[in-house]
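As a basis for the values below, the full set of heavy atoms in this structure was taken, side chains included, without hydrogen atoms, waters or symmetry mates.
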Amino acid sequence: MSLGFSFNMFSIQSPKSQILSRTRLSSQFINQTQVKSAPYTLSDYHVNSSQPFKLSTSSKRFNPITASTAVEATTSSFRNKNPKDINILVVGSTGYIGKFVVEELVSRGFNVIAIAREKSGIRGRNDKEETLNQLQGASVCFSDVTNLESLEKSLENLGTSIDVVVSCLASRSGGVKDSWKIDYEASRNSLVAGRNCGASHFVLLSAICVQKPLLEFQRAKLKFEAEMMKVAEEDSGFTYSIVRPTAFFKSLGGQVELVKEGKPYVMFGDGKLCACKPISEQDLASFIADCVLSEDKINQIFPIGGPGKALTPLEQGEILFRLLGKEPKFLKVPIGIMDFAIGVLDFLVKIFPSLEDAAEFGKIGRYYAAESMLILDPETGEYSAEKTPSYGKDTLEEFFERVLREGMAGQELGEQTIF
């Protein structure tokens with residue numbers, strides 16, 4: 001989950017009942033850009049187990065994560081198959097990144113099974129027909145990842161085994177209950193159901209910000225990561241790859257239209273409080289697809305950013321003004337304003353519990369206004385652009401140019417808009 005601040009909104013990124021479509025696109029492997037990464041192992045991270053798990057009932061009904069005895073163990077033999085014979089289950093397939101991951105996997109010739117809600121997209125505005133259109137080339141299975149029994153029944157009805165699960169699930173809002181329901185519970189359901197269908201590898205789209213967990217969605221993601229890594233430690237036939245991207249282009253484009261209209265570019269402090277190496281959805285999808293077959297990506301955590309140097313909000317604004325041929329005009333907002341607002345909300349939530357999510361949203365905004373989306377160096381306690389791996393070829397400047405020409409079509413924030 002990535003978040004960008006704009007003048008009028010916070011945007012969070014920063015996720016068989018019946019097979020209705022099966023269309024195969026032509027197979028063509030895409031040339032990959034070599035990424036120089038420093039993968040992190042379980043010992044590099046610590047999950048604070050003292051944080052309360054607030055989902056009231058679901059944690060009680062989960063059994064230990066084990067593969068069903070009804071499915072023969074597949075170990076890692078799927079890596080010796082041709083892509084067309086490898087069944088990949090994608091959850092979170094209709095999300096912002098999920099759609100690109102499905103497209104990338106299909107283009108590489110994999111047999112993709114995409115799990116989708118019957119009403120998907122922003123506020124459930126897409127019906128089944130629109131979902132099928134968005135996920136062309138994949139077999140679409142309409143089910144509910146938040147309901148383990150429903151998900152398992154849907155997969156059982158498919159009548160086929162699963163080799164790999166790719167999860168692009170992410171909380172739609174970042175609210176407390178939604179974070180635990182999606183980032184933890186739905187992710188765990190996908191792992192349990194996938195393994196019961198024979199899956200021996202799990203590729204998880206996480207977020208680089210979990211390295212400093214101050215927010216509920218970060219704690220929820222870490223809890224699931226820890227449980228999945230424990231499964232791999234106890235079962236040599238199961239492997240995982242965790243991808244932790246920096247900011248998405250979408251989360252940094254909220255002010256493009258406003259600046260184009262002549263309004264100032266808004267930033268906190270001096271515009272240098274934080275920095276990121278944003279990555280495009282296509283480049284991120286490509287890296288996630290690499291994790292399916294690459295044995296050098298087994299049982300590792302990969303922080304990943306886009307190409308080029310890390311950019312502060314000030315530098316992002318300067319790029320935008322240069323592309324517009326305008327004199328830079330910035331509005332600097334004191335970070336203390338957010339601290340005051342959070343303090344007020346924290347007080348009010350004690351009296352009005354219904355404000356719990358509003359208080360969490362304020363903390364999310366404060367976090368992304370001041371924390372860099374870069375690797376946090378454990379030795380220095382500082383964020384390091386040099387240690388944050390780069391991947392891909394798409395740049396933020398190219399994204400800004402496209403948005404200036406075409407607008408933010410396809411980049412709508414929807415349920416990820418807080419204010």
Hey, mind stepping through Asp377 and Lys387 against salt bridge (Lys or Arg N to Asp or Glu O under 4.0 Å) and telling me if it holds? CA-CA 8 Å; Asp377 190 329; Lys387 292 187 177 183; 2.7 Å; yes

Do [X] and [Y] have side chains that get closer than 4.5 Å, going by heavy atoms?
X      : Y      : value
Leu314 : Asp270 : no
Val165 : Leu191 : no
Gln300 : Tyr240 : no
Ile208 : Val210 : no
Leu311 : Lys277 : no
Phe110 : Lys84  : no
Thr388 : Met373 : no
Arg244 : Glu225 : yes

Inter-residue atom distance [X].[atom1] - [Y].[atom2], 0.5 Å rounding:
X      : Y      : atom1 : atom2 : value
Leu320 : Glu401 : CG    : CD    : 11.0 Å
Leu284 : Leu205 : CG    : CG    : 5.5 Å
Ser206 : Phe302 : OG    : CZ    : 13.5 Å
Ser179 : Glu185 : OG    : CD    : 12.5 Å
Asp235 : Ser200 : CG    : OG    : 9.5 Å
Met338 : Ile364 : CE    : CD1   : 10.0 Å

Distance flag, aromatic centroids of Phe202 and Phe224, threshold under 6.0 Å: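 Yes, they do, as the ring centres are separated by less than 6.0 Å.
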
Grab the two heavy atoms, one from [X] and one from [Y], that are nearest each other, plus how far apart they are.
X      : Y      : result
Phe400 : Gln316 : CE1-O, 3.6 Å
Thr395 : Pro307 : CG2-CG, 4.4 Å
Pro313 : Cys274 : CD-O, 3.1 Å
Asp178 : Arg172 : OD2-N, 2.9 Å
Gln282 : Phe100 : NE2-CE2, 3.8 Å
Val192 : Glu152 : CG1-OE2, 3.9 Å

Applying side-chain contact (heavy atoms from CB on, under 4.5 Å) to Asn111 and Val106, what does each step give before you reach the verdict? CA-CA 7 Å; Asn111 183 30; Val106 168; over 6 Å; no

Which of parallel (below 30°), tilted (30 to 60°) and perpendicular (above 60°) describes Phe321 and Tyr265?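 Ring orientation, 0 to 90° scale: perpendicular.
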
Going by the angle between their ring planes, with limits at 30° and 60°, are Phe287 and Tyr391 parallel, tilted or perpendicular?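 Perpendicular.
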
Is the shortest distance from a Lys or Arg side-chain nitrogen in [X] or [Y] to a carboxylate oxygen in the other one below 4.0 Å?
X      : Y      : value
Glu371 : Lys212 : yes
Glu216 : Arg219 : yes
Asp346 : Lys363 : yes
Lys177 : Asp357 : no

Using a 3.5 Å distance criterion without hydrogens, assess whether the side chain of [X] forms a donor-acceptor pair with backbone atoms of [Y].
X      : Y      : result
Glu360 : Glu356 : no
Lys260 : Leu404 : yes
Gln136 : Asn133 : yes
His201 : Cys291 : yes
Tyr367 : Cys209 : yes
Asp144 : Leu151 : no
Ser161 : Cys197 : no
Ser372 : Ala275 : yes
Ser251 : Ala247 : no
Gln218 : Leu215 : yes

Ser93 and Lys99: side-chain hydrogen bond (donor to acceptor under 3.5 Å, both in side chains), yes or no, with the steps? CA-CA 5 Å; Ser93 62; Lys99 292 194 291 286; over 6 Å; no

Test Ser286 against Arg108 for side-chain hydrogen bond (donor to acceptor under 3.5 Å, both in side chains), laying out the working first. CA-CA 10 Å; Ser286 177; Arg108 297 191 186 196; 3.2 Å; yes

Among Glu397, Glu386, Glu315, find the residue that satisfies the salt bridge (Lys or Arg N to Asp or Glu O under 4.0 Å) test when tested with Lys309.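 Option passing the salt bridge (Lys or Arg N to Asp or Glu O under 4.0 Å) with Lys309: Glu315.
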
Has Arg195 got its NZ or CZ under 6.0 Å from the middle of the six-membered ring of Phe238, at an angle within 45 degrees of the ring axis?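 Output yes; distance and angle both within limits.
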
What verdict does the side-chain contact (heavy atoms from CB on, under 4.5 Å) test give for Ile288 and Val166, after you've listed the backbone C-alpha separation in whole Å, the side-chain angles of each residue and the deciding distance to 0.1 Å? CA-CA 8 Å; Ile288 290 172; Val166 176; 3.8 Å; yes

After noting the C-alpha distance and the side-chain angles of Val333 and Met267, does the key distance pass the side-chain contact (heavy atoms from CB on, under 4.5 Å) rule? CA-CA 6 Å; Val333 180; Met267 57 190 183; over 6 Å; no

Going through the distances and angles, do Ile335 and Arg366 end up as a side-chain contact (heavy atoms from CB on, under 4.5 Å)? CA-CA 8 Å; Ile335 193 70; Arg366 172 65 168 80; 3.6 Å; yes

Other residues, nucleotides and ligands only: do more than 12 of their heavy atoms fall within 6.0 Å of NZ on Lys272?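 For Lys272, atom NZ is not crowded (no more than 12 foreign heavy atoms under 6.0 Å).
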
Taking everything shown except Lys332 itself, do over 12 heavy atoms lie less than 6.0 Å from its NZ?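 No, NZ of Lys332 has 12 or fewer neighbouring heavy atoms, counting only those of other groups under 6.0 Å.
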
What I want to check is whether the side chains of Thr160 and Asn87 have a donor and an acceptor closer together than 3.5 Å.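 Side chains of Thr160 and Asn87: pair found under 3.5 Å.
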
